[in-house]
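Since the structure comes first, as structure tokens, the remarks are kept for the end.
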Amino acid sequence: MRIDIITVLPELLKSPFEASILKRAIEKELVEVHFHNIRDYTTTKYKQVDDYQFGGGAGMVLMIEPIDKCISKLKEERDYDEVIYLTPDGQTLNQSISNEISLKENIILLCGHYKGVDQRVRDLLITKEISIGDYVLSGGELAAAVLADSVIRLLPGVLNDETSALTDTFQDNLLAPPVYTRPAEYKGHKVPEILLSGNFGKIEEWREAEALKRTEIRRPDLLK
Ligand code: ADE
């Protein structure tokens, strides 16, 4: 998979890809992540990427021309399955959307900033709009990192058996059960006996029951 991220702040985005699972996925060549600075595609003297909105109102709007130039250049080099705009008024991200995107070959992520992008970018260039939740961030960069992380960890070979995505919360519409590690007793608080029993059939039954219980209490909407 190849992910191209278009942004006015590439420096804000790089560090999540330079540690742990994402770093290893890139090193193992299971995913390529490329950053493109919109400012490199401006034709104006002062490298302007945004301007006041027509009709008046607070906040700057990212202009279409540099974004169009950047996306067009990428599209000349290869075909893209999706051009995704990160925006608080997009479709709310969930595990099933991440699963779906993880099956794509090449995707572009466009990060908004200030008041967002000129509506014509959305009308003409974008194939999907995604929000990571009902709150407003300063820009789409952190949202792009969240989306990329949730997608990359699903790519075959990225996680090993111990970190398998199959047992993740949400993967079967259930929250994950509680987990424990050593010591078996801490300040009088004991790990559930069953987990120390060595009876893997019973342990699996316990985990399923706990996952269901936790989901019923915390997220009954997932069971509908
Ligand atoms: N940009 C600003 N806020 C956002 C959000 N909640 N999701 C995606 N992109 C955003």
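What's counted below: heavy atoms across the whole structure, side chains too, no hydrogens, waters or symmetry copies. Both counts, for ligands and for their atoms, begin at 1 and track the order of listing. Throughout, numbering of the chain's residues begins at 1 and tracks the sequence. Predicted model, so just to flag it, every value in this text is computed and none were measured.
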Hey, does G112 sit under 4.0 Å from ligand 1 if you only count heavy atoms? no
K128 with E100: basic N within carboxylate O range, under 4.0 Å: yes
So if you build clusters from Ile, Leu, Val, Met, Phe, Trp, Tyr with side-chain heavy-atom gaps below 4.5 Å, do V8 and I108 land together? yes
Check this for me, if you would: do E129 and R122 make a salt bridge, where the nitrogen-to-carboxylate-oxygen distance has to be below 4.0 angstrom? yes
Just jot down the ligand 1 atoms closer than 4.0 angstrom to any heavy atom of I130, in number order. 8 (C)
Whether K213 and E210 form a salt bridge (side-chain N of Lys/Arg under 4.0 Å from carboxylate O of Asp/Glu) is what I want to check. yes
Which atoms of ligand 1 are found less than 4.0 Å from any heavy atom of G139? 1 (N), 2 (C)
Among all the protein's non-hydrogen atoms, which is closest to atom 6 (N) of ligand 1, and how far away is it? Y135 O, 2.8 Å
Among non-hydrogen protein atoms, atom 4 (C) of ligand 1 lies closest to P88 CD, 3.6 Å
With a 4.0 Å cut-off on heavy atoms, does L142 reach ligand 1? no
the protein heavy atom lying closest to atom 7 (N) of ligand 1 turns out to be I132 N, 3.0 Å
Go through the steps for Q48 and T42 under the test side-chain hydrogen bond (donor to acceptor under 3.5 Å, both in side chains), then give the verdict. CA-CA 6 Å; Q48 186 182 0; T42 53; over 6 Å; no
Identity and separation of the nearest protein heavy atom to atom 3 (N) of ligand 1: L137 N, 3.0 Å
With a 4.0 Å cut-off on heavy atoms, does G90 reach ligand 1? no
Working to the nearest 0.5 Å, report the span between NE2 of H36 and CG of L110. 11.5 Å
Determine the minimum heavy-atom distance between A145 and P16, stating which atoms define it. CB-CG, 4.1 Å
Does the pair E77/K73 count as a salt bridge with the N-to-O cut at 4.0 Å? yes
Quick one: does ligand 1 sit under 4.0 Å from the side chain of T87, the backbone, both or neither, non-hydrogen atoms only? backbone
Atoms of ligand 1 under 4.0 Å from any heavy atom of G133, numbered from 1 in the order shown, are 6 (N)
